[in-house]
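Report on the following structure.
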Amino acid sequence: MSNTSIKGITNIGQWVTWNPEKQAMEVGNGGTWLMENGLFSEYTPKSFMDHEFLNAHGQLMTPGLIDSHTHPAFATTRELEFEMRSQGKTYQEIAEAGGGIRNSVRKLREISEFELVDLIETRLNLMLKHGTTTAECKSGYGLSTEAELKSLRAIRTASQRTPLQTFSTLLGAHEVPDEYRDDRNTYIDIIVNDMIPAVSGQKLAAYCDVFCEEGVYTTQETEKILLAAREHGMQLKFHADEFVSSGGAELAARMGALSADHLMAISATGITALAESDTVATLLPGTTFFLGSNTWAPARKLLDAGVTVALATDFNPGSNMSLSMPFILTLAVIYLHMTPLEALQAATSGAAKSMGIEKNTGSISPGFKADAVVWQVDNYRQLPYFYGSNQVHQIVVGAEPIL
Ligand code: NIG
Ligand code: FE
């Protein structure tokens, strides 16, 4: 390890984590979490004065938050569309008029890879400052093999420049690009025969995503694309049942996807299908909020059915221009009726499961990556409660303090 590593976090007030052995959340008080080789090693009730430990000064310690659904590879923001929505236009109306994702696609194709790297790097650093230590990052504003490869390379380069750990997702099926509006099958063939093999060959993405939604990609088209991705070694996590229930959750369960994301419009059979599978329900209440909608994903029904829930920001320039995970926790408590503890679980171990990294990330436990946040509050209930200002006191990634 580098010489900036610490031996642990000491003088902790409250610490909260998923306990993988007990398969439950655990709340502890006081003491020190020791670290070795970038991992948590053990807990001791003792505290240390040694300067090689990070002193939490009696404040709250949680695992580093995991943002399991973000779209940071965009060229320009879309505040004009935000204003149009405030005056009554809907997200779908703006998209049909050529705005929305296709607006971002035109802009992304114009900028260089170097410019894109800088933009993404700034965004990743902002995520870190708000307590996110691991993020899933999607492409999806390129919509050609070349521009999707450019986006994924830019994510990789930006990620190498920050301590934040990222995992990339190919989202070539985010929309149908302008040049294939009347010939969508040709574009789908390009994704299947060209884009997926190229991305997989260059090991640029761990996951493949599709915007499976009425007016975007049908469940049949989604299945075709995801089957190709799976054959090329990618894991599946995709946008499902966001505005209309089209059997997206059922498809995710049937295909063994890691997660089905959004689910504002999930059906009762979709909930049952997820409950009978290992697929995680990734809920994105920031999007409901930012679109000014009052259709919230049925988190209580999912939790009560035994589905593992993850929470994420969906950070993107159209439907949620926020990368603050603590704000998502607040929305989850108020509008999804999750308890603060359920919300914290969803933003750490639930999110880790949705990315297939739950064996070593998202928990303060021996052998797990030593990613943690010390917050300027005394207990976990204050985290979603005291919202709107940044409560991060210190971030630790792989046993290194980074702020
Ligand atoms: O997750 N739902 C699809 N894609 C994004 C929105 C992207 C955009 O508007 O730029 C989302 O909400
Ligand atoms: Fe999204």
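Index from 1, following the sequence. Both counts, for ligands and for their atoms, begin at 1 and track the order of listing.
Each of the atoms 2 (N), 12 (O) of ligand 1 lies under 4.0 Å from some heavy atom of Glu242. When each atom of ligand 1 is checked for a heavy atom of His71 under 4.0 Å away, the hits are 1 (O), 4 (N), 5 (C), 11 (C). Short contacts between ligand 1 and His262, defined as distances under 4.0 Å to a heavy atom of the residue, involve ligand atoms 1 (O), 2 (N), 11 (C), 12 (O).
Among protein heavy atoms, the minimum distance from atom 11 (C) of ligand 1 is reached at Asp314 OD2, 3.2 Å. Among all protein heavy atoms, the one lying closest to atom 12 (O) of ligand 1 is Ser319 OG, 2.5 Å.
No donor-acceptor pair under 3.5 Å is formed between the side chain of Tyr187 and the backbone N or O of Pro177.
At least one side-chain heavy atom of Ile266 sits under 4.5 Å from a side-chain heavy atom of Pro298.
We find that Glu146 and Lys150 are not joined by a salt bridge, their nearest charged nitrogen and carboxylate oxygen being 4.0 Å or further apart.
Residue Asp314 approaches the Fe ion (ligand 2) most closely through its N/O/S atom OD1. Take the N/O/S atoms of His71: the one nearest the Fe ion (ligand 2) is NE2. For His239, the N/O/S atom at the shortest distance from the Fe ion (ligand 2) is named NE2.
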- Task: Carefully, step by step, assess Ser322 and Asn320 under the rule side chain to side chain donor-acceptor pair (under 3.5 Å).
- Result: CA-CA 6 Å; Ser322 170; Asn320 190 32; 4.9 Å; no
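Atom CZ of Phe290 is separated from atom CG of Asn316 by 8.5 Å, given to the nearest 0.5 angstrom. With rounding to the nearest 0.5 angstrom, the CH2 atom of Trp375 is 8.0 Å from the CG atom of Leu60. The CZ atom of Arg153 lies 11.5 Å from the CD atom of Glu148; values are rounded to the nearest 0.5 Å.
Counting all heavy atoms, side chain and backbone alike, Glu214 lies closest to Val244 at OE1-CG1, 3.5 Å.
Taking each of Phe74, Tyr141, Phe290, Phe315 in turn, the one with a heavy atom nearest to atom 7 (C) of ligand 1 proves to be Tyr141. If you check each of Tyr91, Phe243, Phe211 against atom 3 (C) of ligand 1, the one with the closest non-hydrogen atom is Phe211.
Between His239 and ligand 1, at least one N/O pair is under 3.5 Å apart.
Annotation: cation-pi pair Arg381/Phe386 absent, no NZ/CZ under 6.0 Å from the ring centroid and within 45° of its normal.
At least one heavy atom of Arg78 sits less than 4.0 Å from an atom of ligand 1.
Contacts of His174 with ligand 1, taken as heavy-atom pairs under 4.0 Å, involve the side chain alone.
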